[in-house]
Amino acid sequence: MTGSFVINRILEILFFIIIFLVNLKMTLNISDFATANLSILIIGISFISLLFTKIDDNIYWIVLFFILSLFRVEASKMLFVSLLVSISRNIDKMAKYSFCLTVLFLIINYGLLILGVLHEEYSDFFYKSGGVVSDMGYGNPNLFSLYLFFLVIFLVVLKKEINTFLVAFIVFVIYESFYSRTVLFSGCILLVLSFVQKTNLKKCFFNKYILLSYPFVILFFFIVVLFNESEYSFIHEISSGRLRYSLLVFGELTPNNLLIGATNIDESIIIDVAYISLLLSSGIFSLAYLYNLYCKAVYKFDYNLILIPVMLQYLFLSLSESAIINTYLWGGLFFWIVMSGKYSCGKTN
């Protein structure tokens, strides 16, 4: 083994430890660990990583986000993502690590709940029948539901197939138990894309040029709905006002904010659209990096590859959940790893 390979593996393990600690912090509510202190750690690791990262176009993004993170703490998230993409050598292995660590985290979290370290709260906001639903100590039933759904995503990638009945059953159970419309929406999108992939429709909808246009379709949809609120009020209702809040944010952005991000946004405004959240954290560079990776993935992936529906459901889900691609959640970070394109042969039947 070469020295760079060993360092790469050490960095990979270190990154997973950081992710584990941050996810634990989110549950235990340890103040500021996931912001300033974590950012300093990531910036320090980046010095080491740059010495052993293969010189390709991704290193330029690492340097860019490194410079941004020196001035903006929030930009360290994208520095972390770009570093993780560079050191991740195998999507299958990362899916296995992610699955095992997520299960471990869920077990630890449940143990802390039983011991009384965490406290279970109930809310009637998330339940359709007027009853209540537990947050399982996560502070939000939707967050716990996402962890469960991420396990499904990891299994899909590892098994290299989407078992329609099993995925539908798990999504139904999660929805009925925690009323997570985010999981319901994502599960439906995944199953629809799986159906398309198993028919001749894939030659049309999964054509490389069509795939490259999807981000622009999402952008067009977002803009039309955003600026025609009265005509598409039902969409605002379905999304619980997520798009409406994003419109409020746009009203406060300056050209400088669009370039490097914003720090003066009203904290009372909840941002649940991941693309807006990325824009606020690192400016237009974060969205450019996202599309750059997406284009590379599209050119690498065959339309029979199971990663196509997985990647697309992430893109659509990001319209309603900022935690998907702009936090240190395992499932969210896995989206970026998927787009690294380092995957062993695995196609649908």
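Excluded from the calculations below are hydrogen atoms, water molecules and symmetry mates; all remaining heavy atoms, backbone and side chain alike, are included.
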Ser69 (side chain) donor-acceptor with Phe66 (main chain) under 3.5 angstrom: yes
Pairwise distance NZ(Lys93) to CD1(Ile91) - rounded to 0.5 angstrom: 13.0 Å
Taking the side chain as everything from C-beta on, heavy atoms only, tell me whether Phe301 gets closer than 4.5 Å to Leu211. no
Contact summary for Asn304 and Lys202, nearest pair of heavy atoms: OD1-NZ, 2.5 Å
Just checking Lys208: does its NZ atom have more than 12 heavy atoms from other residues, nucleotides or ligands closer to it than 6.0 angstrom? yes
Shortest non-hydrogen contact from Ile308 to Gln197? CB-NE2, 4.1 Å
Tyr147 and Leu151: CA distance, side-chain angles, deciding distance, side-chain contact (heavy atoms from CB on, under 4.5 Å) verdict: CA-CA 7 Å; Tyr147 274 112; Leu151 290 177; over 6 Å; no
Compare every heavy atom of Ser286 with every heavy atom of Gly283, then report the nearest pair and how far apart it is. O-OG, 2.8 Å
Calculate, to the nearest 0.5 Å, the distance between atoms CG and OG belonging to Leu158 and Ser98 respectively. 9.0 Å
Decide side-chain contact (heavy atoms from CB on, under 4.5 Å) for Val156 and Asn163; before the verdict, give the C-alpha distance in whole Å, the side-chain angles of both, and the deciding distance to 0.1 Å. CA-CA 8 Å; Val156 164; Asn163 185 313; over 6 Å; no
Any non-hydrogen side-chain atom of Met78 less than 4.5 Å from a side-chain atom of Leu68? no
Return each pair, listed once, that meets ring-ring contact (aromatic ring centres under 6.0 Å, His included) where at least one residue sits in residues 186-208; pairs must be two or more places apart or across chains. none
Sorted by chain and residue number, the ring pair (Phe, Tyr, Trp, His ring centres under 6.0 Å) partners of Phe316 (sequence neighbours excluded) come out as none
is_close_aromatic(Phe65, Phe80), centroid dist under 6.0 Å: no
Could you check whether the rings of Tyr314 and Phe335 sit parallel, tilted or perpendicular, using 30° and 60° as the cut-offs? tilted
Give the cluster check for Tyr209 versus Leu293: same hydrophobic cluster or not, with ILVMFWY residues linked at side-chain heavy-atom distances below 4.5 Å. no
Checking the side chain of Ser177 only, and the main-chain atoms of Ile174 only, is there a donor and an acceptor separated by less than 3.5 Å? no
Using the side-chain contact (heavy atoms from CB on, under 4.5 Å) rule, take Thr182 and Leu317 through it: C-alpha gap first, then chi angles, then the decisive distance, then the call. CA-CA 7 Å; Thr182 300; Leu317 182 58; 3.4 Å; yes
Same cluster or not: Leu113 versus Ile107, using hydrophobic residues (I, L, V, M, F, W, Y) connected whenever any side-chain heavy atoms lie under 4.5 Å apart? yes
To the nearest 0.5 Å, what is the distance between OG on Ser282 and NZ on Lys77? 8.5 Å
Nearest heavy-atom pair of Ala95 and Val157: which atoms, and what distance? CB-CG1, 4.0 Å
For the rings on Phe150 and Phe99, is their centre-to-centre separation under 6.0 Å? no
Compare all side-chain heavy atoms of Ser180 with those of Leu146 and state whether any distance is below 4.5 angstrom. no
Let me check something: do Leu278 and Tyr291 share a hydrophobic cluster, defined by ILVMFWY side-chain heavy atoms less than 4.5 Å apart, either directly or through other members? yes
Given side-chain contact (heavy atoms from CB on, under 4.5 Å), test Ile284 with Leu287 step by step and report yes or no. CA-CA 5 Å; Ile284 197 68; Leu287 294 180; 4.3 Å; yes
Residues in side chain to side chain donor-acceptor pair (under 3.5 Å) contact with Ser82, at least two apart in sequence or another chain: none
Run Phe334 and Phe154 through ring pair (Phe, Tyr, Trp, His ring centres under 6.0 Å) and show every step you take. CA-CA 9 Å; Phe334 189 68; Phe154 300 147; 5.2 Å; yes
Dump the intermediate steps for ring pair (Phe, Tyr, Trp, His ring centres under 6.0 Å) on Tyr179 and Tyr175, then the final yes or no. CA-CA 4 Å; Tyr179 192 42; Tyr175 178 74; 5.1 Å; yes
What's the spacing between Met311 CE and Ile306 CD1 if we round to 0.5 Å? 12.0 Å
What is the distance from atom CD1 of Ile114 to atom CG of Asn109, rounded to the nearest 0.5 Å? 10.5 Å
Can you name the closest pair of heavy atoms from Leu84 and Ile337 and give their distance? CD2-CD1, 3.9 Å
Are Phe165 and Leu184 grouped together when hydrophobic residues (ILVMFWY) are joined by side-chain heavy atoms under 4.5 angstrom apart? no
4.5 Å side-chain heavy-atom contact, Trp336 and Leu290: yes
Evaluate the side-chain proximity of Tyr214 to Leu312: yes if any heavy-atom separation is below 4.5 Å, no if none is. yes
Would you kindly confirm whether Phe144 and Phe172 end up in one hydrophobic cluster when ILVMFWY residues are joined by side chain heavy atoms under 4.5 Å apart? no
To the nearest 0.5 Å, tell me how far Tyr289 OH sits from Leu64 CG. 10.5 Å
Exercise: identify the closest heavy-atom pair between Pro309 and Leu190: O-CD1, 3.9 Å
Note, Met339 side chain near Leu307 side chain (heavy atom, < 4.5 Å): no
